[in-house]
Amino acid sequence: MLALLDGNNFYVSCERVFRPSLQGRPVVVLSNNDGCAISRSNEAKALGIKMAQPHHEFRHLEDRAGLVSLSANFTLYGDMSDRMMSLAAGLGPGQEIYSIDECFVDLHGVRGNLAERAHAIRARIHRWIGIPTCIGIAPTKTLAKLANHIAKCAERKAGSYPAQHAQVCHLGALPQADVDLLLAITDVGDVWGVGPRIGAQLRDAGVATAQDLARLDPASVRRRWSVVLERTVRELQGMPCIDLEEAPTPKREIAVTRSFGRPVRELPQLLQAVSDFATRAAEKLRRQGSLAGRVLVFAHTSPFRPGPRWAKSLVVPLRRPTADTAKIIQAATMGLELIFEPGYNLAKAGVMLLDLCDSSILQGELDLEDESGRNRGQLMSVVDKLNARWGKATVKQGSVGTAAARRDWAMRQARRTPQYTTDWRQVPVARA
DNA sequence: TCTGGGGTCCTAGGACCC
DNA sequence: TCTGGGGTCCTAGGACCC
(Lines give C-alpha, C1' and ligand atoms only; values in the text may rest on other atoms or scores of the structure.)
Protein backbone atom coordinates (compact mmCIF):
# COMPACT_ATOMS: atom_id res chain seq x y z
CA MET A 1 0.00 0.00 0.00
CA LEU A 2 1.13 3.53 -0.82
CA ALA A 3 0.23 6.98 0.42
CA LEU A 4 0.38 10.19 -1.53
CA LEU A 5 0.60 13.27 0.68
CA ASP A 6 0.51 16.76 -0.72
CA GLY A 7 0.29 20.28 0.61
CA ASN A 8 -2.90 22.11 -0.36
CA ASN A 9 -2.27 25.19 -2.55
CA PHE A 10 1.27 24.85 -1.32
CA TYR A 11 2.88 28.22 -2.07
CA VAL A 12 -0.16 30.13 -0.84
CA SER A 13 -0.24 28.00 2.29
CA CYS A 14 3.44 28.77 2.95
CA GLU A 15 2.76 32.50 2.69
CA ARG A 16 -0.20 32.20 5.04
CA VAL A 17 1.97 30.64 7.73
CA PHE A 18 3.83 33.93 8.02
CA ARG A 19 0.88 36.21 7.27
CA PRO A 20 -2.13 34.75 9.06
CA SER A 21 -4.19 37.75 7.93
CA LEU A 22 -4.28 36.07 4.50
CA GLN A 23 -6.45 33.24 5.87
CA GLY A 24 -9.88 33.19 4.27
CA ARG A 25 -8.90 35.72 1.60
CA PRO A 26 -8.36 35.12 -2.10
CA VAL A 27 -4.58 34.86 -2.57
CA VAL A 28 -2.38 34.00 -5.55
CA VAL A 29 1.38 33.53 -5.81
CA LEU A 30 2.86 34.83 -9.06
CA SER A 31 5.64 33.43 -11.21
CA ASN A 32 8.93 35.07 -12.04
CA ASN A 33 8.43 38.71 -13.16
CA ASP A 34 4.94 38.45 -11.64
CA GLY A 35 3.85 37.06 -14.99
CA CYS A 36 1.15 34.58 -14.10
CA ALA A 37 -0.52 32.65 -11.26
CA ILE A 38 1.33 29.55 -10.06
CA SER A 39 -0.56 28.92 -6.82
CA ARG A 40 -4.09 29.90 -5.84
CA SER A 41 -6.01 29.75 -2.59
CA ASN A 42 -9.44 28.12 -2.71
CA GLU A 43 -10.98 31.59 -2.57
CA ALA A 44 -8.91 32.65 -5.60
CA LYS A 45 -9.99 29.51 -7.47
CA ALA A 46 -13.58 30.39 -6.64
CA LEU A 47 -13.03 33.76 -8.33
CA GLY A 48 -12.29 31.84 -11.51
CA ILE A 49 -8.53 32.43 -11.63
CA LYS A 50 -6.89 29.64 -13.60
CA MET A 51 -3.51 28.00 -13.15
CA ALA A 52 -0.86 29.87 -15.19
CA GLN A 53 -3.32 32.64 -16.02
CA PRO A 54 -1.58 35.93 -16.85
CA HIS A 55 -1.61 38.43 -14.00
CA HIS A 56 -2.95 41.27 -16.14
CA GLU A 57 -6.09 39.25 -16.87
CA PHE A 58 -7.17 39.08 -13.24
CA ARG A 59 -5.43 42.07 -11.70
CA HIS A 60 -8.74 43.95 -11.52
CA LEU A 61 -9.86 41.48 -8.84
CA GLU A 62 -7.36 43.01 -6.43
CA ASP A 63 -9.56 46.11 -6.16
CA ARG A 64 -12.89 44.50 -6.82
CA ALA A 65 -12.65 41.29 -4.78
CA GLY A 66 -9.84 41.88 -2.29
CA LEU A 67 -7.48 39.54 -4.12
CA VAL A 68 -3.92 39.52 -2.77
CA SER A 69 -1.20 38.83 -5.36
CA LEU A 70 2.25 37.91 -4.03
CA SER A 71 5.62 37.52 -5.72
CA ALA A 72 7.01 34.03 -5.31
CA ASN A 73 9.60 33.30 -2.59
CA PHE A 74 11.04 29.95 -3.63
CA THR A 75 13.65 29.87 -0.87
CA LEU A 76 10.86 29.96 1.70
CA TYR A 77 8.85 27.26 -0.09
CA GLY A 78 11.89 24.97 -0.30
CA ASP A 79 12.50 25.33 3.41
CA MET A 80 8.84 24.67 4.29
CA SER A 81 8.90 21.68 1.97
CA ASP A 82 11.88 20.15 3.78
CA ARG A 83 10.07 20.38 7.09
CA MET A 84 6.84 18.96 5.71
CA MET A 85 8.67 16.05 4.07
CA SER A 86 10.46 15.09 7.30
CA LEU A 87 7.15 14.78 9.12
CA ALA A 88 5.48 13.00 6.18
CA ALA A 89 8.25 10.41 6.26
CA GLY A 90 6.80 9.26 9.59
CA LEU A 91 3.92 7.65 7.72
CA GLY A 92 5.89 4.58 6.65
CA PRO A 93 9.26 2.99 5.97
CA GLY A 94 10.00 4.52 2.55
CA GLN A 95 9.50 7.90 0.92
CA GLU A 96 9.79 9.32 -2.57
CA ILE A 97 9.79 13.10 -2.70
CA TYR A 98 7.95 13.61 -5.95
CA SER A 99 7.82 17.40 -6.09
CA ILE A 100 8.19 20.38 -3.80
CA ASP A 101 4.73 19.80 -2.36
CA GLU A 102 4.08 16.09 -2.57
CA CYS A 103 5.57 12.73 -1.69
CA PHE A 104 4.72 9.06 -1.97
CA VAL A 105 5.19 7.00 1.18
CA ASP A 106 5.60 3.25 1.23
CA LEU A 107 3.26 1.78 3.83
CA HIS A 108 4.57 -1.75 3.57
CA GLY A 109 4.52 -3.49 6.94
CA VAL A 110 2.77 -0.62 8.71
CA ARG A 111 0.34 -2.01 11.24
CA GLY A 112 -2.90 -0.62 12.53
CA ASN A 113 -5.46 1.60 10.90
CA LEU A 114 -3.77 3.39 8.01
CA ALA A 115 -6.43 6.07 7.69
CA GLU A 116 -6.19 6.95 11.37
CA ARG A 117 -2.44 7.11 11.10
CA ALA A 118 -2.72 9.39 8.08
CA HIS A 119 -5.09 11.69 9.95
CA ALA A 120 -2.60 11.88 12.81
CA ILE A 121 0.29 12.81 10.51
CA ARG A 122 -1.88 15.44 8.79
CA ALA A 123 -2.73 16.95 12.14
CA ARG A 124 0.91 16.98 13.19
CA ILE A 125 2.03 18.70 9.99
CA HIS A 126 -0.68 21.28 10.41
CA ARG A 127 0.12 21.91 14.05
CA TRP A 128 3.90 22.03 13.74
CA ILE A 129 4.35 23.64 10.34
CA GLY A 130 1.01 25.20 9.54
CA ILE A 131 0.52 23.58 6.15
CA PRO A 132 -2.83 21.89 5.38
CA THR A 133 -2.42 18.60 3.52
CA CYS A 134 -4.43 15.79 1.98
CA ILE A 135 -3.52 12.11 1.86
CA GLY A 136 -4.60 9.39 -0.55
CA ILE A 137 -3.93 5.71 0.18
CA ALA A 138 -4.14 2.90 -2.38
CA PRO A 139 -2.25 -0.12 -3.77
CA THR A 140 -0.67 1.75 -6.75
CA LYS A 141 0.71 5.20 -7.40
CA THR A 142 -2.01 6.07 -9.90
CA LEU A 143 -4.74 5.01 -7.48
CA ALA A 144 -3.01 6.85 -4.62
CA LYS A 145 -3.02 10.00 -6.77
CA LEU A 146 -6.67 9.44 -7.46
CA ALA A 147 -7.41 8.90 -3.76
CA ASN A 148 -5.59 12.14 -3.02
CA HIS A 149 -7.68 13.91 -5.66
CA ILE A 150 -10.83 12.56 -4.01
CA ALA A 151 -9.60 13.65 -0.56
CA LYS A 152 -9.01 17.17 -1.83
CA CYS A 153 -12.27 17.54 -3.76
CA ALA A 154 -14.37 16.02 -0.97
CA GLU A 155 -12.99 18.65 1.38
CA ARG A 156 -13.27 21.59 -1.00
CA LYS A 157 -16.43 20.99 -2.98
CA ALA A 158 -19.35 19.63 -1.05
CA GLY A 159 -21.18 17.05 -3.13
CA SER A 160 -18.30 16.19 -5.44
CA TYR A 161 -17.45 13.04 -3.50
CA PRO A 162 -18.80 11.52 -0.26
CA ALA A 163 -17.73 13.72 2.65
CA GLN A 164 -16.22 10.82 4.59
CA HIS A 165 -13.24 10.86 2.16
CA ALA A 166 -12.34 14.49 2.88
CA GLN A 167 -8.67 15.04 3.80
CA VAL A 168 -7.80 11.35 3.90
CA CYS A 169 -9.10 8.84 1.36
CA HIS A 170 -8.12 5.19 1.78
CA LEU A 171 -9.19 3.33 -1.34
CA GLY A 172 -7.49 0.15 -0.16
CA ALA A 173 -9.91 -0.12 2.75
CA LEU A 174 -13.04 0.01 0.56
CA PRO A 175 -14.91 -2.86 -1.07
CA GLN A 176 -14.30 -2.97 -4.84
CA ALA A 177 -17.90 -1.91 -5.50
CA ASP A 178 -17.31 1.34 -3.61
CA VAL A 179 -14.04 1.99 -5.44
CA ASP A 180 -15.87 1.46 -8.74
CA LEU A 181 -18.48 3.98 -7.67
CA LEU A 182 -15.81 6.57 -6.97
CA LEU A 183 -14.05 5.86 -10.29
CA ALA A 184 -17.38 6.21 -12.07
CA ILE A 185 -17.85 9.79 -10.86
CA THR A 186 -14.27 10.81 -11.71
CA ASP A 187 -13.60 12.46 -15.05
CA VAL A 188 -11.05 10.58 -17.14
CA GLY A 189 -9.02 13.80 -17.40
CA ASP A 190 -8.47 13.77 -13.63
CA VAL A 191 -6.50 10.53 -13.86
CA TRP A 192 -2.74 10.93 -13.35
CA GLY A 193 -1.11 10.52 -16.75
CA VAL A 194 -4.12 11.60 -18.81
CA GLY A 195 -3.55 15.12 -20.12
CA PRO A 196 -5.70 17.30 -22.37
CA ARG A 197 -4.74 15.57 -25.62
CA ILE A 198 -5.18 11.96 -24.57
CA GLY A 199 -8.22 12.98 -22.54
CA ALA A 200 -9.95 14.33 -25.65
CA GLN A 201 -9.08 11.22 -27.64
CA LEU A 202 -10.43 8.99 -24.90
CA ARG A 203 -13.69 10.91 -24.69
CA ASP A 204 -14.05 10.64 -28.47
CA ALA A 205 -13.72 6.90 -28.03
CA GLY A 206 -16.49 6.92 -25.42
CA VAL A 207 -14.16 6.67 -22.44
CA ALA A 208 -15.45 9.44 -20.17
CA THR A 209 -14.65 8.36 -16.62
CA ALA A 210 -11.83 6.77 -14.66
CA GLN A 211 -13.98 3.68 -14.43
CA ASP A 212 -14.34 3.49 -18.21
CA LEU A 213 -10.58 3.72 -18.51
CA ALA A 214 -9.99 1.08 -15.85
CA ARG A 215 -12.23 -1.33 -17.76
CA LEU A 216 -10.32 -1.11 -21.02
CA ASP A 217 -8.15 -3.96 -22.19
CA PRO A 218 -4.50 -3.01 -21.54
CA ALA A 219 -3.21 -4.64 -24.73
CA SER A 220 -5.69 -2.72 -26.88
CA VAL A 221 -4.77 0.49 -25.11
CA ARG A 222 -1.13 -0.16 -25.90
CA ARG A 223 -1.92 -0.71 -29.55
CA ARG A 224 -4.15 2.31 -29.94
CA TRP A 225 -2.28 4.71 -27.65
CA SER A 226 0.97 3.81 -25.94
CA VAL A 227 2.70 1.77 -23.28
CA VAL A 228 2.43 4.80 -21.03
CA LEU A 229 -1.36 4.75 -21.06
CA GLU A 230 -1.33 0.97 -20.79
CA ARG A 231 0.54 1.30 -17.50
CA THR A 232 -2.04 3.82 -16.31
CA VAL A 233 -4.85 1.35 -17.08
CA ARG A 234 -3.10 -1.48 -15.23
CA GLU A 235 -2.41 0.76 -12.27
CA LEU A 236 -6.09 1.74 -12.13
CA GLN A 237 -6.86 -1.97 -12.07
CA GLY A 238 -4.67 -2.30 -8.99
CA MET A 239 -1.52 -3.72 -10.56
CA PRO A 240 1.57 -1.71 -9.58
CA CYS A 241 3.59 -0.70 -12.67
CA ILE A 242 5.36 2.42 -11.42
CA ASP A 243 7.95 1.84 -8.72
CA LEU A 244 8.63 3.99 -5.72
CA GLU A 245 11.93 5.79 -6.26
CA GLU A 246 13.37 6.45 -2.85
CA ALA A 247 16.86 7.57 -3.82
CA PRO A 248 16.58 10.69 -5.92
CA THR A 249 17.98 9.80 -9.32
CA PRO A 250 20.40 12.38 -10.72
CA LYS A 251 18.87 14.69 -13.30
CA ARG A 252 19.48 13.73 -16.90
CA GLU A 253 19.38 17.32 -17.98
CA ILE A 254 19.54 20.65 -16.18
CA ALA A 255 17.88 23.81 -17.42
CA VAL A 256 17.86 27.46 -16.40
CA THR A 257 15.46 29.51 -18.48
CA ARG A 258 13.67 32.79 -17.89
CA SER A 259 11.16 35.06 -19.49
CA PHE A 260 12.35 38.65 -19.54
CA GLY A 261 10.42 41.36 -17.72
CA ARG A 262 10.67 43.54 -20.82
CA PRO A 263 11.79 42.59 -24.32
CA VAL A 264 15.52 42.26 -24.96
CA ARG A 265 16.81 43.40 -28.37
CA GLU A 266 20.56 43.80 -27.98
CA LEU A 267 23.23 41.11 -27.95
CA PRO A 268 25.18 42.42 -24.93
CA GLN A 269 22.14 42.24 -22.64
CA LEU A 270 21.30 38.81 -23.95
CA LEU A 271 24.88 37.63 -23.42
CA GLN A 272 24.72 38.87 -19.85
CA ALA A 273 21.48 37.00 -19.22
CA VAL A 274 22.75 33.80 -20.81
CA SER A 275 25.99 34.00 -18.78
CA ASP A 276 23.91 34.21 -15.62
CA PHE A 277 21.79 31.24 -16.70
CA ALA A 278 24.92 29.25 -17.49
CA THR A 279 26.35 30.10 -14.07
CA ARG A 280 23.20 28.93 -12.27
CA ALA A 281 23.08 25.78 -14.38
CA ALA A 282 26.72 24.94 -13.64
CA GLU A 283 26.03 25.33 -9.92
CA LYS A 284 23.12 22.90 -10.15
CA LEU A 285 25.35 20.56 -12.11
CA ARG A 286 28.08 20.53 -9.46
CA ARG A 287 25.53 20.17 -6.69
CA GLN A 288 24.47 16.82 -8.10
CA GLY A 289 28.04 15.79 -8.86
CA SER A 290 27.68 15.63 -12.63
CA LEU A 291 29.49 16.81 -15.72
CA ALA A 292 27.79 18.07 -18.88
CA GLY A 293 28.75 16.88 -22.34
CA ARG A 294 26.80 19.48 -24.33
CA VAL A 295 25.27 22.88 -23.77
CA LEU A 296 22.06 24.03 -25.43
CA VAL A 297 21.34 27.74 -25.68
CA PHE A 298 18.10 29.19 -27.01
CA ALA A 299 16.22 32.46 -27.32
CA HIS A 300 12.87 33.36 -28.81
CA THR A 301 10.28 36.07 -29.21
CA SER A 302 6.97 35.96 -27.38
CA PRO A 303 4.48 33.49 -28.84
CA PHE A 304 1.69 35.67 -27.44
CA ARG A 305 2.53 39.01 -28.97
CA PRO A 306 2.15 40.27 -32.50
CA GLY A 307 5.17 41.13 -34.59
CA PRO A 308 7.86 39.08 -36.27
CA ARG A 309 8.56 35.72 -34.69
CA TRP A 310 12.04 34.41 -34.16
CA ALA A 311 13.27 31.30 -32.35
CA LYS A 312 16.57 29.53 -32.53
CA SER A 313 18.60 27.14 -30.46
CA LEU A 314 21.99 25.57 -30.81
CA VAL A 315 23.62 22.59 -29.15
CA VAL A 316 27.29 23.22 -28.45
CA PRO A 317 29.39 20.12 -27.76
CA LEU A 318 32.06 20.43 -25.09
CA ARG A 319 35.45 19.05 -25.90
CA ARG A 320 35.36 17.08 -22.65
CA PRO A 321 32.52 16.74 -20.16
CA THR A 322 32.89 19.49 -17.59
CA ALA A 323 31.31 21.25 -14.63
CA ASP A 324 33.48 24.34 -14.97
CA THR A 325 31.41 27.51 -14.96
CA ALA A 326 33.84 29.30 -17.28
CA LYS A 327 33.68 26.59 -19.93
CA ILE A 328 29.92 26.37 -19.75
CA ILE A 329 29.53 30.15 -20.02
CA GLN A 330 31.95 30.10 -22.93
CA ALA A 331 29.96 27.46 -24.78
CA ALA A 332 26.61 29.14 -24.10
CA THR A 333 27.67 32.65 -25.08
CA MET A 334 29.49 31.44 -28.14
CA GLY A 335 26.43 29.51 -29.24
CA LEU A 336 24.30 32.56 -28.66
CA GLU A 337 26.55 34.74 -30.78
CA LEU A 338 26.25 32.25 -33.61
CA ILE A 339 22.46 32.18 -33.62
CA PHE A 340 21.71 35.76 -32.62
CA GLU A 341 20.03 38.05 -35.16
CA PRO A 342 19.26 41.67 -34.34
CA GLY A 343 15.88 43.27 -34.79
CA TYR A 344 13.63 41.10 -32.65
CA ASN A 345 11.94 41.64 -29.30
CA LEU A 346 13.17 38.59 -27.46
CA ALA A 347 10.93 37.43 -24.64
CA LYS A 348 12.78 34.43 -23.27
CA ALA A 349 16.12 32.67 -23.30
CA GLY A 350 17.71 29.75 -21.57
CA VAL A 351 20.61 27.38 -21.12
CA MET A 352 20.28 23.62 -20.83
CA LEU A 353 23.00 21.17 -19.90
CA LEU A 354 22.72 17.86 -21.74
CA ASP A 355 24.44 14.47 -21.75
CA LEU A 356 25.08 14.58 -18.03
CA CYS A 357 27.32 11.98 -16.47
CA ASP A 358 28.67 11.26 -13.03
CA SER A 359 31.84 13.23 -12.36
CA SER A 360 33.51 10.35 -10.54
CA ILE A 361 33.08 7.99 -13.48
CA LEU A 362 34.73 10.27 -15.97
CA GLN A 363 37.48 11.63 -13.76
CA GLY A 364 36.42 15.10 -14.70
CA GLU A 365 38.99 16.60 -12.35
CA LEU A 366 41.34 16.39 -15.30
CA ASP A 367 39.22 18.91 -17.07
CA LEU A 368 39.08 21.17 -14.07
CA GLU A 369 42.67 22.14 -14.57
CA ASP A 370 43.23 25.01 -16.88
CA GLU A 371 46.21 25.47 -19.15
CA SER A 372 48.34 26.83 -16.35
CA GLY A 373 47.61 23.76 -14.28
CA ARG A 374 45.69 25.51 -11.53
CA ASN A 375 42.99 23.37 -10.05
CA ARG A 376 39.68 24.87 -11.04
CA GLY A 377 37.71 22.20 -9.20
CA GLN A 378 38.76 23.64 -5.87
CA LEU A 379 38.06 27.13 -7.13
CA MET A 380 34.53 26.17 -8.20
CA SER A 381 33.87 24.57 -4.86
CA VAL A 382 35.00 27.69 -2.99
CA VAL A 383 32.87 29.89 -5.24
CA ASP A 384 29.82 27.71 -4.59
CA LYS A 385 30.34 27.91 -0.84
CA LEU A 386 30.75 31.68 -0.88
CA ASN A 387 27.62 32.12 -2.93
CA ALA A 388 25.64 29.74 -0.76
CA ARG A 389 26.71 31.64 2.35
CA TRP A 390 26.48 35.23 1.16
CA GLY A 391 23.97 35.14 -1.67
CA LYS A 392 23.79 34.16 -5.30
CA ALA A 393 26.03 36.66 -7.06
CA THR A 394 28.67 37.31 -4.38
CA VAL A 395 31.39 35.83 -6.56
CA LYS A 396 30.87 35.81 -10.32
CA GLN A 397 32.77 34.57 -13.28
CA GLY A 398 34.55 37.43 -15.04
CA SER A 399 34.46 38.02 -18.75
CA VAL A 400 35.91 35.18 -20.76
CA GLY A 401 37.41 37.40 -23.41
CA THR A 402 36.44 39.44 -26.41
CA ALA A 403 33.81 38.44 -28.91
CA ALA A 404 36.55 37.79 -31.43
CA ALA A 405 38.34 35.49 -29.04
CA ARG A 406 35.14 33.61 -28.38
CA ARG A 407 34.48 33.18 -32.08
CA ASP A 408 38.00 31.96 -32.51
CA TRP A 409 37.44 29.49 -29.74
CA ALA A 410 34.19 28.44 -31.38
CA MET A 411 35.92 27.57 -34.61
CA ARG A 412 38.63 25.61 -32.82
CA GLN A 413 35.93 23.78 -30.92
CA ALA A 414 34.07 23.03 -34.13
CA ARG A 415 37.16 21.52 -35.71
CA ARG A 416 37.61 19.29 -32.71
CA THR A 417 34.13 17.88 -33.05
CA PRO A 418 33.88 17.05 -36.72
CA GLN A 419 30.38 15.61 -36.55
CA TYR A 420 29.10 19.11 -35.97
CA THR A 421 31.22 21.12 -38.35
CA THR A 422 29.04 20.43 -41.33
CA ASP A 423 25.98 21.66 -39.48
CA TRP A 424 27.69 24.58 -37.92
CA ARG A 425 26.56 27.30 -40.28
CA GLN A 426 23.27 25.77 -41.21
CA VAL A 427 20.09 27.13 -39.72
CA PRO A 428 19.89 25.62 -36.27
CA VAL A 429 16.80 23.84 -35.12
CA ALA A 430 14.05 26.27 -34.35
CA ARG A 431 12.19 25.72 -31.16
CA ALA A 432 8.90 27.50 -30.93
C1' DT B 1 2.48 47.41 -19.94
C1' DC B 2 1.42 42.36 -18.98
C1' DT B 3 1.42 35.26 -20.65
C1' DG B 4 6.27 30.12 -15.53
C1' DG B 5 10.22 27.15 -15.04
C1' DG B 6 11.39 23.34 -14.63
C1' DG B 7 11.54 18.04 -15.63
C1' DT B 8 10.45 12.89 -17.58
C1' DC B 9 9.51 9.21 -20.85
C1' DC B 10 8.25 7.39 -25.32
C1' DT B 11 8.11 7.06 -30.34
C1' DA B 12 9.08 7.82 -35.10
C1' DG B 13 12.23 8.23 -38.47
C1' DG B 14 16.84 8.93 -40.44
C1' DA B 15 21.69 7.49 -40.73
C1' DC B 16 24.56 3.97 -40.75
C1' DC B 17 26.31 -0.77 -40.46
C1' DC B 18 26.62 -5.66 -41.75
C1' DT C 1 9.81 -2.85 -63.38
C1' DC C 2 12.18 -4.73 -59.76
C1' DT C 3 14.81 -2.30 -55.15
C1' DG C 4 17.02 -7.38 -48.32
C1' DG C 5 16.37 -7.26 -43.53
C1' DG C 6 17.80 -6.54 -39.07
C1' DG C 7 20.08 -3.96 -35.68
C1' DT C 8 21.83 0.29 -33.28
C1' DC C 9 22.28 4.99 -32.36
C1' DC C 10 20.77 9.57 -32.59
C1' DT C 11 17.55 13.43 -32.80
C1' DA C 12 13.24 15.80 -32.81
C1' DG C 13 8.96 16.14 -31.23
C1' DG C 14 4.86 14.80 -28.58
C1' DA C 15 2.68 14.24 -24.32
C1' DC C 16 2.61 14.42 -19.68
C1' DC C 17 3.66 16.09 -14.74
C1' DC C 18 4.06 19.77 -10.93
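In what follows, chains carry the letters A, B, and so on, assigned in the order in which the sequence lines appear, proteins first and then strands, with residues in each chain numbered from 1.
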Visitor: Does the side chain of A:Arg305 get closer than 4.0 angstrom to OP1 or OP2 of B:dC2 through an N or O atom?
Guide: yes
Visitor: Taking the P atom in each of B:dG14 and C:dG4, what is the distance between them to the nearest angstrom?
Guide: 16 Å
Visitor: So what stems show up for DNA chain B if we need 3 or more Watson-Crick or G-U pairs in a row, all under 3.5 Å?
Guide: B:5-18 with C:5-18
Visitor: Just call it for A:Val29: base, sugar-phosphate, or nothing, with non-hydrogen atoms closer than 4.0 Å on any strand.
Guide: nothing
Visitor: Do the non-hydrogen side-chain atoms of A:Phe298 and A:Met352 ever get within less than 4.5 Å of each other?
Guide: yes
Visitor: Could you tell me which residues satisfy side chain to side chain contact (heavy atoms under 4.5 Å, CB included) with A:Gln95, sequence neighbours excluded, listed by chain and number?
Guide: A:Met85, A:Ala88, A:Ala89, A:Ile97, A:Cys103, A:Val105
Visitor: Can you see if the side chain of A:Arg59 gets near the phosphate of B:dT3 - specifically, an N or O under 4.0 Å from OP1 or OP2?
Guide: no
Visitor: Less than 4.5 Å apart, any side-chain heavy atom of A:Pro162 and any of A:Leu182?
Guide: yes
Visitor: Does a side-chain N or O from A:Ser259 land closer than 4.0 Å to OP1 or OP2 of B:dG5, or not?
Guide: yes
Visitor: Base, sugar-phosphate or nothing for A:Ile100? Non-hydrogen atoms, less than 4.0 Å.
Guide: nothing
Visitor: Please list, chain by chain and in numerical order, all residues satisfying salt bridge (Lys or Arg N to Asp or Glu O under 4.0 Å) with A:Glu155, sequence neighbours excluded.
Guide: none
Visitor: Between A:Thr140, A:Val191, A:Leu216, which is the residue that forms a side chain to side chain contact (heavy atoms under 4.5 Å, CB included) with A:Leu236?
Guide: A:Val191
Visitor: Just to be sure I understand the rule, does A:Gln53 reach a base, reach only the sugar-phosphate, or reach nothing, if contact means heavy atoms closer than 4.0 Å?
Guide: nothing
Visitor: May I ask you to say what A:Lys284 touches in the nucleic acid, namely base, sugar-phosphate or nothing, with a heavy-atom cut-off under 4.0 Å?
Guide: sugar-phosphate
Visitor: Over all strands shown, is A:Arg231 touching base, sugar-phosphate only, or nothing at heavy-atom distances under 4.0 angstrom?
Guide: sugar-phosphate
